[in-house]
Amino acid sequence: MAILVTGGLGYIGSHTVVELLNNNFEVVIVDDLSNSEKFILKNIENITGRKPVFYPFDLKRRELLTQVFDAHSIDGCINFAASKAVGESQIKPVDYYENNLFSLINILQEFKERGLSNFIFSSSCTVYGQADTMPIDENTPLKMPESVYGKTKQMGEEILADFAKAYQRKICLLRYFNPIGAHPSFKIGELPMGIPNNLVPYVMQTAAGIREKLNVWGNDYPTPDGTAIRDYIYVVDLAKAHVAALQKLMQDTADGAVIDIYNLGTGKGSSVLEVIKAFEVANNVEVPYQICERREGDITIAYANVDKAERELGWKSETSLEESLKTVWEWQKYLNARNI
Ligand code: UFG
């Protein structure tokens with residue numbers, strides 16, 4: 001059983017590769033290292049005692065992708081490879097559409113031509129925009145995301161649904177809420193690339209003294225403490241959901257299209273100030289912060305209803321916010337020790 005994992009050295013990709021290897025899947029990684037590092041591959045081997053096949057190239061290069069499909073008997077794909085910086089996507093829209101959609105279409109061409117099925121797509125809760133009611137379940141109406149990044153996720157979902165219907169294939173769209181944390185070995189985690197955009201990496205670097213102060217983007221939201229609320233899910237729990245979703249697709253032997261959609265979160269919302277406090281308490285460190293204006297494009301509140309994933313995948317998140325935040329700090333220590 002060889003599973004193609006694109007972006008398999010990235011943050012969620014690397015954690016999912018570990019879970020796949022632990023579940024005895026063969027893994028073929030394609031990753032162009034644009035937002036990842038080669039040492040992650042070594043560390044995956046170190047954690048699992050197994051060696052995934054690795055190809056370093058850009059998925060837009062169809063001829064190289066064809067060679068991978070020729071060389072391996074691929075039974076499914078988990079597609080993580082994508083550019084993901086929301087702000088950058090507004091400045092470089094054409095690059096984002098090209099990168100995120102051409103690569104997807106190239107893989108689907110191979111799948112179409114070779115009669116392959118079992119495709120899992122990394123989507124995001126951004127496809128719901130600011131939902132009118134909480135928690136957000138899979139039937140919550142979609143809204144066109146504000147960011148180009150978000151639009152590539154929504155377009156990707158539509159392309160995959162059309163693919164499944166037209167060619168009678170099985171696909172799964174996983175809508176992540178806010179992934180955080182690092183593997184308990186502290187050998188893989190979210191790698192800092194420049195100034196972090198996301199809350200938890202910024203908190204981590206502020207606690208470590210790399211950043212002077214965390215900017216809290218707005219305390220005038222209609223929430224109990226005025227700061228925005230999100231659903232922070234531990235990355236290893238999230239990775240395990242991919243294996244469960246893949247196993248479900250593979251076990252489904254009925255003819256016809258399958259389009260599975262799952263929200264992946266904890267079901268619990270936490271405010272920005274609650275995350276800061278939880279990090280300080282969990283790790284006994286201080287996180288200096290200042291309140292700033294709201295960040296453009298941010299929504300007030302998003303947390304998931306995770307009943308469907310629990311019912312159909314037998315999966316639910318197991319790790320508390322505090323436990324997840326402890327792994328974040330241990331990961332920062334690992335990075336410090338190696339001058340990364
Ligand atoms: N925040 C701060 N200071 C920071 C960074 C973030 O106060 O330095 C706040 C944000 O304003 C927001 C919350 O922390 O209220 C979470 O922000 P993140 O950037 O960590 O996460 P987002 O929910 O904004 O974005 C995430 C993913 C995106 C995805 C989006 C969909 O990172 O890829 O969810 O809602 F598009």
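Throughout, residue positions are numbered sequentially from 1 according to the sequence presented. Just follow the structure's listing: the first ligand is 1, and inside any ligand the first atom is 1.
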Original post:
Checking side chain to side chain contact (heavy atoms under 4.5 Å, CB included) for the pair R230/I299: CA distance, chi angles, key distance, verdict?
Top reply: CA-CA 9 Å; R230 297 288 186 276; I299 56 171; 3.6 Å; yes

Original post:
For the rings on F80 and H15, is their centre-to-centre separation under 6.0 Å?
Top reply: no

Original post:
Hey, is E330 close enough to K333 for a salt bridge, meaning N to O under 4.0 Å?
Top reply: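 Result for this pair is yes, salt bridge flagged.
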
Original post:
Counting heavy atoms not belonging to E113, are there more than 12 under 6.0 Å from its CD?
Top reply: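 Enclosed: over 12 neighbouring heavy atoms sit under 6.0 Å from CD of E113.
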
Original post:
Are side-chain heavy atoms of Q332 and I210 found at a separation under 4.5 Å?
Top reply: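 Counting from C-beta outward, Q332 and I210 do come under 4.5 Å.
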
Subject >> Member of V200, N198, V235, I180 meeting the side chain to side chain contact (heavy atoms under 4.5 Å, CB included) criterion with E190 >> reply: N198

List below, pair by pair, the N or O atoms of ligand 1 and of the protein that are less than 3.5 Å apart, including the distance to 0.1 Å; reply 'none' if no pair qualifies.
| from | atom 1 | to | atom 2 | distance (Å) |
| --- | --- | --- | --- | --- |
| ligand 1 | 3 (N) | N215 | O | 2.7 |
| ligand 1 | 3 (N) | W217 | NE1 | 3.2 |
| ligand 1 | 7 (O) | N215 | O | 3.3 |
| ligand 1 | 7 (O) | W217 | N | 2.9 |
| ligand 1 | 11 (O) | D298 | OD2 | 2.5 |
| ligand 1 | 19 (O) | N198 | ND2 | 3.0 |
| ligand 1 | 19 (O) | R295 | NH2 | 2.9 |
| ligand 1 | 20 (O) | N198 | ND2 | 3.3 |
| ligand 1 | 20 (O) | L199 | N | 2.8 |
| ligand 1 | 21 (O) | N178 | ND2 | 3.1 |
| ligand 1 | 23 (O) | N178 | ND2 | 3.0 |
| ligand 1 | 23 (O) | R230 | NE | 2.6 |
| ligand 1 | 24 (O) | R295 | NH2 | 3.0 |
| ligand 1 | 32 (O) | N198 | ND2 | 2.8 |

